[in-house]
Amino acid sequence: MAYDYEKFKSAVLGLTKIDLNAYKERQMKRRIDALIAKHGIAGYEDYVQVLKTDKARFEEFVNYLTINVSEFYRNVDQWKVMENEIIPELIDKFGKKLKIWSAACSTGDEPYSLVMALSRHLPLNMIHITATDIDKQVIAKAKVGLYNEKSIAAVPDDLKRKYFTKVGLSYQISDDIKSCVEFKEHNLLDNNYPKDYDMIVCRNVLIYFTEEAKDEVFRKFFQSLKPGGILFIGSTEQIINHRDIGYERKNSFYYERPSK
């Protein structure tokens with residue numbers, strides 16, 4: 001029998017711990033087929049051997065698989081809600097040392113946006129964000145903190161002037177902001193989720209997951225939040241069964257784990 005996609009998914013799980021069954025199959029298979037064709041590889045079986053023996057190809061594959069499209073203050077109106085309503089509410093509930101998780105943080109645009117939003121209310125030395133992603137390469141890019149003009153276009157002008165330095169055609173985020181973020185590897189499809197967060201931010205990532213995988217992640221986020229904690233999701237997402245899980249919907253993109 002031909003080395004089919006089902007067998008390939010099993011091999012990828014063994015090599016990377018990424019479960020392709022959790023992603024929408026037609027979309028993901030099309031991306032993988034394009035990558036295999038780009039390198040002139042005969043098929044899935046040969047590609048698995050390449051992934052086992054070629055570190056550069058392996059890292060390219062993981063990076064390609066984990067779809068990284070990110071920008072600062074993405075959907076800026078939602079960030080205004082964050083600055084004007086959500087952060088003051090969280091400080092009133094939990095005090096000034098907030099525990100915040102930016103999940104599937106990609107190249108760092110989101111956790112750094114969080115730090116800047118929080119800086120409107122708190123001194124930087126009181127801000128700490130845990131930021132996680134499955135992809136080592138994007139975490140490395142995030143730690144460097146160098147972005148193009150398009151990525152930072154939505155950053156408020158005063159924060160742009162304060163926290164970015166132009167380097168050639170790029171913009172370097174300040175060490176003051178970087179020092180507020182701790183980057184770690186984490187797979188959203190694992191069972192090991194950190195606990196007791198005042199806020200979790202996970203935006204525009206779960207759209208690539210199956211409905212079953214999305215439901216599982218939203219339930220795990222619920223358990224990771226403190227009572228009264230907030231989940232901030234992307235503009236392309238919604239938690240259809242939020243009441244079944246236990247969330248209260250604050251608005252289209254903010255969901256609360258109710259206080260006991």
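Ion pairing between a basic and an acidic side chain is recognised when a charged N comes within 4.0 Å of a carboxylate O; Glu6 and Lys9 show such pairing.
Qualifying salt bridge (Lys or Arg N to Asp or Glu O under 4.0 Å) partners for Lys166, counting only residues two or more places apart in sequence or in other chains: none. Partners of Lys195 according to the salt bridge (Lys or Arg N to Asp or Glu O under 4.0 Å) rule, which considers only residues two or more places apart in sequence or in another chain, do not exist here. Under the salt bridge (Lys or Arg N to Asp or Glu O under 4.0 Å) criterion, Arg257 pairs with no residue, sequence neighbours left out. Contacts of Phe218 classified as ring pair (Phe, Tyr, Trp, His ring centres under 6.0 Å), with partners at least two apart in sequence or in another chain: none. Residues passing the salt bridge (Lys or Arg N to Asp or Glu O under 4.0 Å) test with Asp33 are Lys29, sequence neighbours excluded.
Glu71 places a side-chain heavy atom less than 4.5 Å from the side chain of Lys150. Here the side chains of Glu85 and Lys250 are not in contact, with every heavy-atom distance at 4.5 Å or above.
Side-chain N or O atoms of Asp198 include one that pairs as donor or acceptor with a backbone N or O of Lys99 at under 3.5 Å. Checked by atom type and distance alone, the side chain of Lys220 never pairs as donor or acceptor with a backbone atom of Tyr193 at under 3.5 Å. At distances below 3.5 Å, not a single donor-acceptor pair connects side-chain atoms of Tyr208 with backbone N or O atoms of Met28. Looking only at distances, no side-chain donor or acceptor of Ser102 sits under 3.5 Å from a matching main-chain atom of Cys105. Side-chain atoms of Asn251 come within 3.5 Å of backbone N or O of Tyr254 as a donor-acceptor pair.
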- Message: Run Glu256 and His242 through side-chain hydrogen bond (donor to acceptor under 3.5 Å, both in side chains) and show every step you take.
- Response: CA-CA 10 Å; Glu256 181 177 359; His242 66 273; over 6 Å; no

- Determine, stepwise, if the pair Asn75 / Ser235 fulfils side-chain hydrogen bond (donor to acceptor under 3.5 Å, both in side chains). CA-CA 7 Å; Asn75 311 116; Ser235 60; 3.2 Å; yes

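Judged by the 6.0 Å and 45° rule, Lys7 forms no cation-pi pair with Tyr44.
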Which donor-acceptor pairs under 3.5 Å do side chains of residues 113-127 form with protein atoms, sequence neighbours excluded?
unit_1: Ser113; atom_1: OG; unit_2: Tyr73; atom_2: N; d: 3.1
unit_1: Ser113; atom_1: OG; unit_2: Asp109; atom_2: O; d: 2.7
unit_1: Ser119; atom_1: OG; unit_2: Met116; atom_2: O; d: 2.6
unit_1: Arg120; atom_1: NE; unit_2: Glu83; atom_2: OE1; d: 3.4
unit_1: Arg120; atom_1: NH1; unit_2: Asp158; atom_2: OD2; d: 2.5
unit_1: Arg120; atom_1: NH2; unit_2: Asp158; atom_2: OD1; d: 3.2
unit_1: His121; atom_1: NE2; unit_2: Glu83; atom_2: O; d: 2.7

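For Gln78 and Arg203, the side-chain atoms include at least one donor-acceptor pair closer than 3.5 Å.
Residues Phe221 and Ile240 do not share a hydrophobic cluster, defined by chaining ILVMFWY side chains whose heavy atoms lie under 4.5 Å apart.
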